[in-house]
Amino acid sequence: MSEPARNFIRARIDADLAEGRVSGVVTRFPPEPNGYLHIGHAKSICLNFGIARDYAGRCHLRFDDTNPIKEDTEYVESILEDVRWLGFDWGPHLYYASDYFEQLWTWAEALVLAGKAFVCDLSAEEVRRTRGTLTQPGTPSPYRDRSPSENLDLFRRMRAGEFPDGSRTLRAKIDMAASNLNLRDPVLYRVLRATHHRTGDAWCVYPTYDWAHGQSDAIEGITHSICTLEFEDHRPLYDWFLEQIGPAARPRQIEFARLNLTYTVMSKRMLLQLVREGHVSGWDDPRLPTVAGLRRRGYTPASLRAFADRIGVAKADSTVDIGLLESCIRDDLNPSVARAMCVHRPVRLVLVDWPEDRVEWIEAPWFPDEPGRMGSRRVPFGKVAWIEQDDFMEDPPRKYYRLAPGREVRLRWGCIVKCVDVVRDAVSGAVTEVHCTHDPTTFGALPADGRRVRGILHWVSAAHAVPATLRLYDRLFSVPNPASPPEGRTFLDLLDPGSLEVLQVWVEPSLAGCDPGTRWQFERRGYYVADSRDCRPGHLVFNRIVPLRDSWAKELARTA
RNA sequence: UGGGGCGUAGACAAGCGGUAAGUCACCGGUCUUUGGAACCGGCAUCGCAGGUUCGAAUCCUGCCGCCCCAGCCA
């Protein structure tokens, strides 16, 4: 693994270490279990766990579970699985903010006693109205000056369940005129009767993110609390709370820009909507940027880690070209995955000068660039083969060096063949068969006369071909930034209806018993994975992970 | 028109006063029984305008542009 790129966060940690502000590094990844992890989370996971690894520190996995109405154990489980799958280990450091509810409560009572927090009877609506605006200060709550003892009494009765949901909150007493709205007497606790996935019905008051997060960091001895940019405005509050409770060591919050990717959406709200409304097959739909989706698609953990390294970490809002992700998975798979042949859109190729029943079994290495590696398989070569429709053209454009009337190509691992005739459908006129002669001297050999044959076609013997289903996945959306649709439209209008194409295809017989989860390169086409759920012997299903770079397509696009 | 951030090539991103890393994309070329892979080469004066300095992407000043904040979400 190469050196992780330098970034401003590591620079800050270096400085903290050099100045003796900290003696070790402890980070944390703090997801809220209210949805599945996506590649943006993967960036954060790689950042936090990567720093812990490189600084010989540790990284905690902590669930930020302070809002029971949105959270669920299904999400907790998927998150655990995803982080593990990405290749990271939290060791014994698995925590839940809900584990700290009692401690948080105790600190809150201390705040009340110190006159730094009060119970407010304003409704949510009234709080909003009195908060002021961006340019005007808010007005203090009429309950702001209650005595500490009255506040403590009320606060305890909130917990005891004496008040209805939403009727009262505990608020910090900071500054209603602060230019940073987060400091205008923020809410610490709300009354909420909801069954929590871990604490059940033990509580009817729940701490807010602001009150829970920094304190949880402090409890765990986190040194560097790395979060995304939108929390930058919360840092003064984060620090204010810590100052009140005065822990031995103060964690430091550092913010970085979240990941945006072209041709997809990353917001939990939009992902949830895609899943709930059935626009995709589930959280693990291979077109989704969720970790589960990428896994099902066939992406490897290593490719995602490489991606995280390549995109870097900074504070500028940015959108990464999804082509970079695709190049990461190609890079990982190219040297590690065996080659095989699969014909996607078949047309018959008949060798007119080949005996009807003759079959040659050809030795073909799994790794053509490294023939010794992992050995080879034997592929049958007979009179009739399937080839790709687009590997034959009656009237080819310039630079097309595949099959055409009178032209020669090599059948991969086989011999050179020459097109001598075509058979058409009587009605449509479409070519249904390509007739060729073959040059028997070119099996495993260059033409003796030195003639140059550039085109090489993949193929599958028709008599031995095994049927399979291919799912050709493409980008989910048809535009680079679906999250900001044009006036009057929603991101759903921008879904690409062609993002999934299902094909019935022919694969070479050596793939017949292929195990779910195994990856292949189908030569000249792309990388594929035998679907983890639907692929089984006798019923082969492959997902396209990513197509190969296609310079011919590029050439066509250029001349078009 | 309050506060907090950010602006380096088409896309990411190093750089921290000494004369613009790297990656993807793109463009050439070599090689090739995958039009794959590999390899070689090309591709920026740093939002704008002033100033300080022998010297500035890096320091100062003023503009311009973009993002975030008015949940009892995180």
Side-chain angles (χ1 to χ4, degrees), chain A residues 5-8 11 30-32 34 64-67 69-71 120 122-125 127-129 131-138 165-171 178-184 186-192 205-206 208-210 212-213 227-236 255 257 259 262 268 306 309-328 330-331 334-335 339 341 368-369 399-402 410-414 416 442 444-446 453-458 480 521-526 547-555:
Chain A
R6 280 217 62 72
N7 61 55
F8 76 98
E32 182 189 14
N34 68 344
D64 226 331
D65 54 353
T66 57
N67 185 5
I69 62 181
K70 288 189 175 176
E71 297 154 7
C120 180
L122 257 25
S123 68
E125 168 61 24
V127 169
R128 188 182 324 130
R129 279 209 314 270
R131 187 159 18 232
T133 68
L134 294 178
T135 53
Q136 293 166 295
D165 286 12
S167 62
R168 281 181 163 85
T169 56
L170 182 75
R171 292 224 261 164
S179 50
N180 180 341
L181 310 221
N182 293 121
L183 265 18
R184 317 241 265 226
V187 171
L188 274 64
Y189 280 91
R190 68 274 211 189
V191 180
L192 193 60
V205 290
Y206 290 94
T208 56
Y209 165 84
D210 285 311
H213 201 87
C227 63
T228 44
L229 248 31
E230 66 271 28
F231 292 103
E232 208 149 21
D233 286 341
H234 294 244
R235 186 167 8 111
E255 312 84 9
L259 171 66
T262 55
K268 278 192 175 182
D309 279 344
R310 286 210 227 171
I311 59 176
V313 179
K315 294 191 73 165
D317 290 308
S318 61
T319 302
V320 175
D321 185 340
I322 197 161
L324 185 58
L325 211 212
E326 295 171 345
S327 110
C328 288
R330 286 194 193 102
D331 258 21
N334 177 44
R339 316 281 127 127
M341 295 194 286
D369 293 340
K399 291 187 180 171
Y400 180 85
Y401 42 84
R402 278 116 93 152
R410 175 180 292 279
L411 294 179
R412 177 72 153 161
W413 307 123
I416 290 172
T442 55
L446 261 19
V453 175
R454 267 198 101 172
I456 297 162
L457 271 43
H458 60 278
Q521 184 199 98
F522 290 156
E523 291 200 70
R524 302 208 302 141
R525 299 258 88 127
L548 250 32
R549 285 184 68 223
D550 187 349
S551 51
W552 171 243
K554 210 178 289 175
E555 177 69 31

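Remember, it's a predicted structure, so these values are computed and weren't measured experimentally.
Taking every side-chain heavy atom of A/Lys315 into account, B/C6 is the closest of B/C24, B/C6, B/U34.
In this structure, A/Ile456 places its CD1 atom 4 Å from C1' of B/U33, rounding to the nearest Å. Here B/U32 presents its P atom at 17 Å from CD of A/Glu523, a figure rounded to the nearest Å. Rounded to an integer number of Å, the gap from CZ of A/Arg402 to C1' of B/U34 is 11 Å. Atom CZ in A/Arg235 sits about 17 Å away from atom P in B/G3, given to the nearest Å. Residue A/Glu326 contributes atom CD, which lies 16 Å from atom P of B/C12 at whole-angstrom precision. The CZ atom of A/Arg330 sits 11 Å away from the P atom of B/G36 (whole-angstrom rounding). Per the geometry, CG belonging to A/Asp369 stands 12 Å off P belonging to B/C39, to the nearest Å. Taking atom CZ of A/Arg339 as the reference point, atom C1' of B/G36 lies 8 Å away to the nearest angstrom.
Comparing B/C12 with B/G29, their C1' atoms sit 27 Å apart, to the nearest whole Å. Between B/C27 and B/U34, the distance separating the two C1' atoms is 23 Å to the nearest Å. The gap from the C1' atom of B/G41 to that of B/U45 amounts to 22 Å, rounded to the nearest Å. Rounded to whole Å, the separation between the C1' atoms of B/A44 and B/G50 comes to 23 Å. Of the P atoms belonging to B/A14 and B/A49, the separation is 25 Å, rounded to the nearest Å. For B/C16 and B/C69, the P atoms lie 33 Å apart once the distance is rounded to whole Å. Spacing between B/C24 and B/G36 at atom P, rounded to whole Å, works out to 16 Å. The C1' atoms of B/C26 and B/C64 are separated by 30 Å, rounded to the nearest whole Å.
Residues meeting the salt bridge (Lys or Arg N to Asp or Glu O under 4.0 Å) test with A/Arg549, sequence neighbours left out: none. When the side-chain contact (heavy atoms from CB on, under 4.5 Å) test is applied to A/Asp317, the partners found at least two apart in sequence or on another chain are A/Leu229. Remark: A/Tyr189 engages A/Trp211 in a side chain to side chain donor-acceptor pair (under 3.5 Å) (not counting sequence neighbours). For A/Arg412, the side chain to side chain donor-acceptor pair (under 3.5 Å) test picks out A/Glu523, with sequence neighbours left out. Taking the side chain to side chain donor-acceptor pair (under 3.5 Å) definition, one finds that A/Arg310 meets it with A/Ser327, A/Asp331, sequence neighbours left out. For A/Asp64, the side chain to side chain donor-acceptor pair (under 3.5 Å) partners are A/His213, not counting sequence neighbours. For A/Glu326, the salt bridge (Lys or Arg N to Asp or Glu O under 4.0 Å) partners at least two apart in sequence or on another chain are A/Arg475. Applying the salt bridge (Lys or Arg N to Asp or Glu O under 4.0 Å) test to A/Glu230 and every residue at least two apart in sequence or in another chain returns A/Arg258.
Using a 4.0 Å heavy-atom cutoff across all strands shown, A/Tyr400 reaches at least one base atom of the nucleic acid. Base engagement by A/Arg454 is indicated by at least one non-hydrogen atom pair under 4.0 Å involving a base atom. Base engagement by A/Gly444 is indicated by at least one non-hydrogen atom pair under 4.0 Å involving a base atom. As judged by a 4.0 angstrom heavy-atom cut-off over every strand, A/Tyr206 is placed among residues making no nucleic acid contact. When heavy atoms are screened at a 4.0 angstrom cut-off, A/Glu255 is found touching no nucleic acid atom at all. Contact annotation for A/Ala212: no contact, since no heavy-atom pair falls under 4.0 Å across all strands. At a threshold of 4.0 angstrom between heavy atoms, the contacts of A/Arg549 are confined to the sugar-phosphate backbone, with no base atom among them.
Judged by closest nucleotide on RNA chain B, A/Ala11 is the one of A/Ala445 and A/Ala11 placed further toward the 5' end. Comparing A/Thr135 and A/Gly323 against RNA chain B, the residue whose closest nucleotide sits nearer the 5' end is A/Thr135.
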Could you list, one pair per line, each protein nitrogen or oxygen that sits under 3.5 Å from a nitrogen or oxygen of nucleotides 42-48 of chain B, together with the distance?
none

Please tabulate the protein-to-nucleotide N/O contacts below 3.5 Å involving nucleotides 8-11 of chain B, giving atom names and distances.
{"unit_1": "B/A11", "atom_1": "O3'", "unit_2": "A/Thr319", "atom_2": "O", "d": "3.1"}
{"unit_1": "B/A11", "atom_1": "O2'", "unit_2": "A/Thr319", "atom_2": "O", "d": "3.0"}
{"unit_1": "B/A11", "atom_1": "O2'", "unit_2": "A/Asp321", "atom_2": "N", "d": "3.3"}

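Ion pairing of A/Glu555 with A/Lys399 is present here, as a side-chain N (NZ or NE/NH1/NH2) and a carboxylate O approach within less than 4.0 Å.
Contact between A/Asp233 and A/Asn182 at its shortest, heavy atoms only, is O-OD1, 3.1 Å. Nearest heavy-atom pair, A/Gly444 versus A/Arg410, reported as atom, atom and distance to 0.1 Å: N-NH1, 4.3 Å. A/Thr208 and A/Thr66 get closest at one heavy-atom pair: C-OG1, 4.4 Å. Pairing each heavy atom of A/Arg171 with each of A/Val187, the nearest pair is CD-CG2, 3.8 Å.
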*asked:* Wobble G-U and Watson-Crick pairs count when both distances are under 3.5 Å; given that, what is the 5' to 3' dot-bracket string of RNA chain B, with | for pairing to other strands?
replied: .(((((((.[[[..)..(...]]].(((((.......)))))....[[[[[..)....]]]]])))))).....

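Side-chain contact check for A/Val320 versus A/Leu325: every heavy-atom pair is 4.5 Å or farther apart.
Syn is the classification of B/G71, since its glycosidic angle stays within 90° of 0.
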*When every nucleotide of nucleotides 65-74 of chain B is labelled 5' to 3' by its protein contacts under 4.0 Å (heavy atoms), B for base, S for sugar-phosphate only, - for none, what sequence of letters results?*
--SBBBSBBB

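Note that OG of A/Ser179 and CZ of A/Arg184 are 8.0 Å apart. Values are rounded to the nearest 0.5 Å. Here the CD atom belonging to A/Glu255 is positioned 7.5 Å from the CZ atom belonging to A/Phe8, to the nearest 0.5 angstrom.
Distances shorter than 4.0 Å separate some side-chain N or O of A/Lys554 from OP1 or OP2 on B/C26.
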